[in-house]
2 protein chains.
Amino acid sequence: MRRKVTLKQIAKELDVSISTVSKSLRDSPEISEDTRQKVQAFAKLYNYKPNLIALSLKNKKTKTIGIIIPEIVHHFFATVISGIEHVANEHGYNVIVTLSDESFDKEVINMEMLANGTIDGFIMSLSKETQHKKDFHHITEVMNQGMPVVMFDRVTNDVLCDKVIIDDNLAAYEAVQTLIDKGFRKIALITTVDYVSVGKLRTDGYVKALKTNSIEVNPNLILKIEDIDLCDLQIEELLDNNEVDAVFAVNELFAVTAIKAAKKLGRNVPEEISVIGFTDGIISKYSSPSITTVSQNGIKMGGKAAKMLIERLESEEEEEEHYKTEVIETHLVIRESTPTL
Amino acid sequence: MRRKVTLKQIAKELDVSISTVSKSLRDSPEISEDTRQKVQAFAKLYNYKPNLIALSLKNKKTKTIGIIIPEIVHHFFATVISGIEHVANEHGYNVIVTLSDESFDKEVINMEMLANGTIDGFIMSLSKETQHKKDFHHITEVMNQGMPVVMFDRVTNDVLCDKVIIDDNLAAYEAVQTLIDKGFRKIALITTVDYVSVGKLRTDGYVKALKTNSIEVNPNLILKIEDIDLCDLQIEELLDNNEVDAVFAVNELFAVTAIKAAKKLGRNVPEEISVIGFTDGIISKYSSPSITTVSQNGIKMGGKAAKMLIERLESEEEEEEHYKTEVIETHLVIRESTPTL
DNA sequence: TTTCAACACGAAAACGTTTTCGGTAGGTCG
DNA sequence: CGACCTACCGAAAACGTTTTCGTGTTGAAA
């Protein structure tokens, strides 16, 4: 077993000083051509690679980005990570991923765990519980220590930092408007409880679209789902007890579940009920009928977040206090769950 | 902005030595009750947390696990990461995730990037290109430096290390046997090219099941897909040109695509064609008809891999050369794409 | 021959910890 | 009163780098 070789060992072996070795490897002009070549040859032979931990300690930079997300077995979050990882990699950064499991405590613990030197900055999306409690002290704390934070998707106005979002309100508005344009009036909404920021915004967009078109907002057609495990029954009940000609769902799961419920009730999609979902993931693409949906480009979102974070990390001047919020554009992907004309 | 406080600063402030501060915080009996309390109070006030990078350098342990996978926007790999992350977290480890994008070069680069002190060990699944090239020098190299590696799912016999797999051969065999038991004889196989290890094993299982039941293996019914983007056409062609009463697909995507193709050709699933897939992911669950599939528990697989790696990391004795291969059990999840009786 | 620059290299500090080894003060015992 | 023990604390090394500064040698110019 050939352990990793250090500068000290090379120095000893070649009977020169550590500084000479270091300088030789960095092509310093202080070192004579002779010794430089000698050292470099030796280093190559023994496959010397500088120890990154030592460098991190010295430079006070780890070239590592910490990610905190609610879950990873989730198409959208996976695409975001993918986007972050690729941009990070291009800039020589690694990403360390932690999961909050939608729990406030885990979010705090993970944050503190990473904040002690392991990473240079955070990219995160808030857990449901955090959004519910509205407790962001852990975030402001690390920011106070000079560690930049970029939030994406599930953000909050209570923390000043860089953010990457989509215009959830507008996207929902446009999706519902599309349904209205096709002549539907009895449009149901399947959404989350209000403390989930994006759920609330999409709900607002739905309401706005109806109001703009002078359609009465019927509370019976709005279903706010708390517990995902029960969503199939609730959705079925919604469709069974109400005349509904279209459904707008704030995520893929609700959309596909609505389709399943409609089928069960003997209502064809899209002939009798149209469905539009949110987030262009695997389900929308491969369910049958495939689902018309608001595409939310996670790759782009993650990439943008990584870019913003890295720019802030590498701008020497600590130009605080003019944080940006980037809005990623969305568009409607038309598929089989809505009528073509 | 309150920067992070160090031992040195506390020492200076309290006019004691660094060692005294360190010992006080670790409740060393060498320190008097008085100073210990004083130091601890001060540390708490200023929210002192030891710098993990410094500790890593000193201890030569980073408490971080490196993961290298082909892609992350993939249900199975996401579940594996989830499994790893949770077990790792329980043991005080972080995970750093890198993606090879199925590229040999990226796999090598990522590995070398992490091998220089950033992590204590690897958990990885081979990229397609690596499996094709059969070049594993990057892996043996880090292992030679004393860094443990655990492989999962896409493994190779050419490297001796801990592994976590499912019995792909047996699982495929049992799935096909199930189809045979239901009376099907014209069973098509949709698989990957042979250099993908799991694809090959599943193909072998298919063949074995047919042979065991004295059913002739018809090459026309075996489709090996190289380019995923073209799989829909190829599958459609397969079903169109052959009498097929059942399909066994080695992943979800092929399974759902087969169902779509069957529908397009006017053949009902499961009435006219049965389909069994592999990997119990989102697609299988939510497509309609939902897909009968071989469940491959990624959470368990990741958890097991993490456990094996951590055990090896924390066993003082470097008990090399008796590597284990753990086999995670699979089972068939019966859904709508196969007839009930 | 003296002086001074250029050249080549080494010593040491710094990053933040932990830990070993001494050392000093006070007290106890003979 | 001297020897020794105990309680308490500090100096320093170590982990592996980079970098600043100092130093010695050489050659050429004066």
Side-chain angles (χ1 to χ4, degrees), chain A residues 3-40 42-43 46-64 92 114-120 145-147, chain B residues 3-40 42-43 46-64 92 114-120 145-147:
Chain A
R3 287 261 169 210
K4 287 211 71 66
V5 59
T6 69
L7 287 187
K8 190 191 276 191
Q9 292 167 25
I10 299 182
K12 191 173 177 186
E13 211 70 31
L14 260 48
D15 204 38
V16 292
S17 78
I18 296 181
S19 356
T20 304
V21 178
S22 176
K23 289 173 191 164
S24 298
L25 294 176
R26 326 206 103 248
D27 280 325
S28 159
E30 290 188 54
I31 305 297
S32 72
E33 188 62 24
D34 255 17
T35 45
R36 203 191 320 172
Q37 297 224 343
K38 193 176 58 178
V39 172
Q40 292 192 357
F42 193 90
Y46 281 87
N47 192 28
Y48 170 80
K49 296 273 169 54
N51 181 317
L52 295 184
I53 291 292
L55 283 179
S56 294
L57 181 59
K58 179 138 190 45
N59 301 334
K60 290 165 158 276
K61 283 188 186 177
T62 62
K63 287 283 206 169
T64 306
L114 295 184
N116 302 315
T118 320
I119 61 160
D120 295 340
Q145 292 173 3
M147 185 167 290
Chain B
R3 286 261 170 212
K4 287 209 70 66
V5 58
T6 69
L7 287 187
K8 190 191 276 192
Q9 291 165 26
I10 298 182
K12 193 173 175 187
E13 210 71 31
L14 261 46
D15 204 39
V16 293
S17 78
I18 296 181
S19 357
T20 304
V21 177
S22 176
K23 287 173 192 164
S24 298
L25 294 176
R26 325 205 104 250
D27 281 326
S28 158
E30 292 188 54
I31 304 298
S32 72
E33 188 61 23
D34 254 18
T35 45
R36 203 193 314 173
Q37 297 225 344
K38 192 176 60 179
V39 171
Q40 292 194 357
F42 193 91
Y46 281 87
N47 193 29
Y48 170 81
K49 296 272 171 52
N51 182 316
L52 294 184
I53 292 291
L55 283 180
S56 295
L57 181 58
K58 179 136 191 47
N59 301 335
K60 291 164 159 278
K61 282 188 187 176
T62 63
K63 287 282 205 170
T64 305
L114 294 185
N116 302 316
T118 319
I119 60 160
D120 295 339
Q145 293 172 3
M147 185 166 292

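Order of the sequence lines fixes the chain letters, A, B, ..., with proteins taken first and strands second; residue numbering starts at 1 for each chain. Hydrogens, waters and symmetry mates play no part in the numbers below; they use all other heavy atoms, side chains included.
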What is the distance, to the nearest angstrom, from the [atom1] atom on [X] to the [atom2] atom on [N]?
X: B:K61; N: C:dT18; atom1: NZ; atom2: C1'; value: 14 Å
X: A:K58; N: C:dA13; atom1: NZ; atom2: C1'; value: 8 Å
X: A:I53; N: C:dT17; atom1: CD1; atom2: P; value: 15 Å
X: A:D120; N: C:dC15; atom1: CG; atom2: P; value: 18 Å
X: B:E30; N: C:dT20; atom1: CD; atom2: C1'; value: 9 Å
X: A:D15; N: C:dA8; atom1: CG; atom2: C1'; value: 15 Å
X: B:D34; N: C:dA25; atom1: CG; atom2: P; value: 19 Å
X: A:K12; N: D:dA14; atom1: NZ; atom2: C1'; value: 15 Å

Any luck finding a side-chain donor-acceptor pair between B:E13 and B:Q9 under 3.5 Å? no
Going by atom types alone, do B:S22 and B:S19 pair a side-chain donor with an acceptor below 3.5 Å? no
When all nucleic acid strands are considered with a 4.0 Å heavy-atom cut-off, which category describes [X]: base, sugar-phosphate, or nothing?
X: B:S56; result: nothing
X: A:L7; result: base
X: B:K49; result: sugar-phosphate
X: B:S22; result: base
X: A:K60; result: sugar-phosphate

If you assign each of A:K8 and A:I18 to its closest nucleotide in DNA chain D, which residue comes earlier from the 5' end? A:K8
Please figure out whether B:S17 or B:L57 has its closest DNA chain D nucleotide nearer the 5' end. B:S17
Please tell me which of the listed nucleotides, D:dG10, C:dT17, D:dT17, lies nearest to the side chain of B:V16? D:dG10
Ignoring the backbone of B:S19, work out which of D:dG10, C:dA12, D:dC9 is nearest its side chain. D:dG10
Is there, by distance only and without an angle test, a donor paired with an acceptor across the side chain of B:K23 and the base of D:dG10 below 3.5 Å? yes
Check whether any side-chain N or O of A:S32 sits under 4.0 Å from OP1 or OP2 of C:dA8, and answer yes or no. no
For D:dC9, take OP1 and OP2 only and decide whether either is under 4.0 Å from a side-chain N or O of B:T35. yes
Taking the side chain as every heavy atom from C-beta outward, state whether B:T118 and B:T62 have any atom pair closer than 4.5 Å. no
Do the non-hydrogen side-chain atoms of A:V39 and A:L14 ever get within less than 4.5 Å of each other? yes
Out of curiosity, B:K49 NZ to A:N116 CG, how far, rounded to the nearest 0.5 Å? 6.0 Å
